[in-house]
Amino acid sequence: MANNTTHTIEYQSLSKTLLILLFLTFVTITIASVHLGAFTLAVALLIACVKSFIVLSNFMHLKYESLLLRILVGMVFVLFALIVAITFIDYAFR
Amino acid sequence: MSNVSANSEYVSYLDHHGKYKGIMSWIMATDHKRIALLYMYSIMTFFIIGVVLGIMMKLEMLTPGETIMKAKMYNSVFTLHGILMIFMVVIPGLSAVFGNFFLPIHIGAKDVSFPKLNRFSWWIFVVGSIMAVLSQVLKDGPPDTGWTFYAPYSTTTSSNVIMATAAAFVLGFSSILTGLNFIVTIHQLRAPGMKFFNMPLFPWALYATAWIQLLATPVIGITLLMLIAERAFHIGFFDPALGGDPLLFQHLFWIYSHPAVYVMMLPAMGVITEIIPTFCQRQIYGYKAVAVSSLAIAGVGFLVWGHHMYTSGMSDTARWFFSLLTFIVAVPSAIKVFNWITTMYKGSIDVKPPFLYALAFIFLFIIGGTTGLLLGSVATNVQVHDTAFVVAHFHYIIFGGMGFAFFAAIHYWLPKMYGRMYDFKMANIGLVINFIGFNLLYFPQFVIGIQGMPRRYFDYPAKFQPAQLVSSIGGFILVTGLIIMIYTLVKGARKGAPAPANPWRGSTLEWQIPSPPSVENFDEEPVIKENPYDYK
Amino acid sequence: MSQHTAHIEEHRDDEASKLGMWLFIFTELLLFGGLFLVYSIFRMQYPVEFRECSLELSVTIGAINTVVLLFSSMTVAMSMTAIQKNDMKKALLYIGVTLFCAAIFLVNKYFEWSGKFHHGLYPGSELMKLLDRGHHLYFSLYFFMTGLHALHIIIGMTLLFVCFFKMKKQSIHSQDYVLLENSALYWHLVDLIWIFLFPLMYLIS
Amino acid sequence: MFSKASNFVYGVDSAFLIITGISVFFLVVLTALMIYFVIKYNRKNGKPAQQIKDNMALEITWIAIPMIIVLYMFYIGWKGFIPMRVVPEDAIEITAEGSMWKFKFEYPGNKIADTLVVPIDRSILINLKSVDVLHGFSVPAFRIKEDMVPNKPNYSWFTAGELGDYDIYCTVYCGLNHSNMLGVIRVVTQQEYDKWLLTLHEKLKDSPQGMKILEKNGCIACHSLDGSKVVGPSFKGIYGSKRKVSTSGSEREITVDDAYITKSIVDPGADVVVGYPAGLMQPYKSLSESDLKLINEYLKGLK
Ligand code: HEA
Ligand code: HEA
Ligand code: CUA
Ligand SMILES: [Cu+2]
């Protein structure tokens, strides 16, 4: 039966993940005060994406889940990105 | 085929009470079959109210000017008619009734994955429905925004918009939970040996539907929350007087509501895909194409919402983009139609009521679908957008399509659900009257739509009267047919002759168990065939 | 693939529960997705106003809350590890820490919001009505998004509380921890949303 | 074959005919096939069903052919539409303003008319505006339709090719009297048009400031100035008169003063005049203090 199949992640690995996340947070904040023009938003979003990827794969155990689930999660994000992009086809070309 | 009397353990799900007695044994039921019936009875109730409202509109349309009601009343009537029919009848319709009943059986399971959640979905469906009814009677008066709740009218009118939108929110939540339950059920509970590609096609359709319910509904949820906040706190997302953008509301609304039309349609297509092979005694033609086209419709269907907004002042780039995608999403529907008709080729066709309903469905669906193409093309949309043409399009497709599919389904599965048979002759008479009435009711709407008759018009120029008259007459014929049909079905379900386990010689799993099914559906583990439509 | 040996009532399928939770998380993502869509469109239209408004928010409070949430995300994951290792004491401790972090987050939020309220800045207030379009929209979005997020924090806390007591009662243990796992997943989702909210609301330069 | 009412009729109608033609073709062929199969392969004929294997080539064909057909449909639809968005340089510019249940047309030089009169064979650009909620500007005979969105400019244009009167409908649902929101386009010769323009006086210029604001916000659609009852109470002699109003359900009598008028405009639901439905009039929050003052002043003078 498909019970208790979740992979166990060691404490150390979790705390390492936290350190990386904290570091990335630090980077976002410092970069925000540097003026990069239009890139600021892009960089902030990029870092946020990296962070959420780390949370998803480590904290949420996605790294160890079935391929199917990983694909589904990916598709949800792609769908959302498509919806935003398509809405912008209207707003960007007004 | 299991023999009913020989099996001493057999208890029909209709007789098995569980912990509770009487009505509680229904309200507290977790059995997917009982929940399906609960849904059916509640949906039927709302459907009948909706039909009455529809007929009231037709009476009002008999003559220009005031016929039986005032403009304010008319506006509330079509609003309630739309909310009721869309959110409470056709969106839950097929998936919550027949999906609940037959999905677990089709995949060889005893129940859905989360039976309690399933019961909870029905409860909040009821709560949402009660809220919708309350919105009609509370102090500020029934909402008069149309089912689309377009801002800024919906943010400024003094009627009960908050209650109505909250009701739609709750109903959406119910829809999400049903979808969630079905996806998990299909992933986890398929009988050993049943791969995705030897699932029957009705579960396939439900699977695609469930993904739409799951992923599109939250968007309308948040949109309605924003609308409520807009009214309560003037947060100004949509109201131009506060700096908001009414077009943004339309985008958000249709991001959900276009995919939602496929929530209505995909299960209907699934039903037809079950019926045709059974009555032709032939395996479905192009199994894989039909299965995959459901997913394709669901997927691409997410990206075409803008075709409701061609004239709203959207950018020209967006107009062609949405038009192009709209046309692409029509192709998988066409594939299904071709496959159904090819399945009849060299079959052994048994013309029984369910099959006749399926044929009527195909005919009406083609009309509804191809008029959708006229709407999807930008130039012609400009002419017929927001006219009676659109009204005719969606009535053809929603209830010529989804409605007739529902009727087909009920004629197909009633013997299984109640273990009794209905009168074929009466059913056929009902069908013919329905079909004639339906076309009389809605075909004239295409004509006056092309001539410019706008929709949601309480009053109209006298030149449209002849067509409106024909249409109103059609409405009455349709209702007559409907009454005959319901009478036949109710009589069959209560007093009909006992039905055999497999009256139509179907090949899918529900026909291998007794009618009505036992509480646990299967006494022994079902045997899974390579091809669910194996008639050799 | 699963089997059908057990009777329905006793049927237990952790895999199914987990998949169900993931699907629910998908709906939550799209729920917030709608708001992020609104945000991105208004930000595109009023970039200057949005920047001006974001200066009104305290990056320090935002950063503290980010750290607190990330940390709590780790502790709840550690609580999972502990329960898998059958170390109930540690598991309870980590859940406790997580709940404590959540409380800090809410207290912070409370001070942040009440500061705004104090200045007469809240949805529907007179001051809000006087603001011009861009500023008005920014603060509406700010209250709506962080408010909805705070609501999710409260739901997550409730779930974790339930887990806490079930663990005490030993009805969650090393052989049956799917409820904890799902609550943890939900908690991570709350964190995930904040990861986007923080730069988009506080760090517009 | 096609009417010459406007320059778009050809593009739209040819797209319409082609798409309808293809659709009818499919409808007829598929229905005929269904009926034929039902008769030919009826179980009564006693022949057993033949199990036919899937045929990849056939399936690809019937994916590809509809694909080509729909792409073609898209193309003609788009081609018929493009001209609607490309306005000629020399177009006469007229502003159409929708307000609850009335169209109003503003000609160059601040001249206002209730009927849209246009010269034949000239390009007319209609700027679309709305003062309250969404409205639609639709002229079926011309095959044009665009929405009027508050705070967001939109436009439509046409060249009329035949003299005559044509209906204008409001197609976007806009509340109680949506179905009464009708208008007329009168297509006339250039001479007649010029003559007509002269008769059109500059309403706005010589009317007082307060009147302009009432005009601009579409108040006149519901409130008459001459004592006649339209949708709302007339403004004639309103100031200082007594009114029965219902305030959150209970009736009371008040005397109309500045505060009451201002409140009636900003929050009409607070005191509803007895005999009129609540909620008909929308709150006008966008009016500035000075606008409200001007309205008050103007209403004072309306004896
Ligand atoms: C069940 C519901 C349902 C379904 C399935 C559809 C299906 C389709 N709809 Fe419809 N639609 C509605 C319900 C539905 N619609 C509703 C409720 C509204 C109004 C909402 C409101 O404003 O209140 C609406 C409005 C609507 C509009 C906006 C109208 C307007 O307001 O201006 C458009 C525009 O593109 C459209 C297009 C389509 C298309 C292209 C399809 C396609 O999916 C159809 C595909 C099917 C076929 C094409 C037929 C089968 C194929 C053949 C027979 C083969 C031959 C065909 C080819 C060669 C391609 N619909
Ligand atoms: C499912 C959707 C549905 C159904 C079944 C109906 C049924 C009917 N509708 Fe309609 N209608 C809408 C959805 C539906 N409607 C919507 C969304 C609008 C737009 C509202 C708006 O503008 O905001 C609308 C608007 C609308 C108008 C236009 C109002 C206007 O623009 O001025 C009119 C006018 O006469 C009308 C008439 C009718 C009539 C006479 C019936 C019926 O009386 C006919 C009788 C029906 C049948 C005989 C069979 C149908 C069966 C089924 C659909 C499935 C059965 C399912 C179960 C039993 C579970 N409807
Ligand atoms: Cu104005 Cu409808
Ligand atoms: Cu659509």
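Shown here are the salt bridge (charged side-chain N to carboxylate O under 4.0 Å, His left out) partners of Arg505(B), two or more places apart in sequence or in another chain: there are none.
Of all non-hydrogen atoms in Ser312(B) and Asp147(D), the two that sit nearest each other are CA-OD2, 3.4 Å. Ser348(B) and Pro48(D) make their closest contact through CB-C, 4.3 Å (heavy atoms, listed as atom of the first residue, atom of the second, distance). Minimum interatomic distance between Arg43(D) and Thr278(B) (heavy atoms only, all atoms of both residues): NH2-O, 4.1 Å. Across all non-hydrogen atoms, the minimal contact from Ser377(B) to Ile19(D) is CB-CD1, 3.6 Å.
Side-chain atoms of Lys145(D) and Thr387(B), non-hydrogen and from C-beta on, do get closer than 4.5 Å to each other. Two residues are said to be in side-chain contact when any heavy atoms from C-beta on lie closer than 4.5 Å; Thr370(B) and Ile22(D) fail this criterion. Under the 4.5 Å side-chain criterion, counting only non-hydrogen atoms from C-beta, Leu325(B) is not in contact with Phe74(D). The side-chain heavy atoms of Lys44(D) and Val351(B), taken from C-beta on, include no pair separated by under 4.5 Å. The shortest distance between side-chain heavy atoms of Tyr310(B) and Phe81(D) does not fall below 4.5 Å. Contact of the Leu30(D) side chain with the Ile362(B) side chain is not registered, since no non-hydrogen atoms from C-beta on lie closer than 4.5 Å. For the pair Met344(B) and Tyr41(D), the minimum side-chain heavy-atom distance is 4.5 Å or more. Tyr285(B) places a side-chain heavy atom less than 4.5 Å from the side chain of Leu58(D).
Ranked by heavy-atom pairs shorter than 4.5 Å toward chain D, the options Ile335(B), Leu374(B), Ile366(B), Val337(B) are led by Leu374(B). Of the listed residues Trp340(B), Phe327(B), Phe363(B), the one with more heavy-atom pairs under 4.5 angstrom with chain D than any other is Phe327(B). By number of non-hydrogen pairs under 4.5 angstrom with chain D, the leading residue of Tyr287(B), Tyr345(B), Tyr533(B) is Tyr345(B).
Heavy-atom distances place both the backbone and the side chain of Gln50(D) under 4.5 Å from chain B. In this structure, no portion of Tyr460(B) lies under 4.5 Å from any heavy atom of chain D. Using a 4.5 Å cut-off between heavy atoms, Ser138(D) makes no contact with chain B at all. Interface residue Tyr150(B): only side-chain heavy atoms are found under 4.5 Å from chain D. With a 4.5 angstrom heavy-atom cutoff, Val38(D) touches chain B via backbone and side-chain atoms both. Within the 4.5 angstrom heavy-atom criterion, no atom of Pro332(B) approaches chain D.
Scanning residues 129-137 of chain D against chain B with a 4.5 Å non-hydrogen threshold yields Asp132(D), Val133(D), Leu134(D), sorted by number.
For the side-chain hydrogen bond (donor to acceptor under 3.5 Å, both in side chains) condition, the pairs that include at least one residue of residues 238-250 of chain B, sequence neighbours left out, are Tyr91(A)-Asp245(B). Listed by first and then second residue, the salt bridge (charged side-chain N to carboxylate O under 4.0 Å, His left out) pairs involving residues 4-29 of chain D are Asp13(D)-Arg143(D) (not counting sequence neighbours).
Side-chain atoms of Asp459(B) do not come within 3.5 Å of backbone N or O of Ser179(D) as any donor-acceptor pair.
Around atom OH of Tyr72(D), no more than 12 heavy atoms belonging to other residues, nucleotides or ligands sit under 6.0 Å away. Other residues, nucleotides and ligands contribute only 12 or fewer heavy atoms inside 6.0 Å of the NZ atom of Lys79(D).
Salt-bridge check for Glu146(D) with Arg319(B): passed, with a basic side-chain N closer than 4.0 Å to an acidic carboxylate O.
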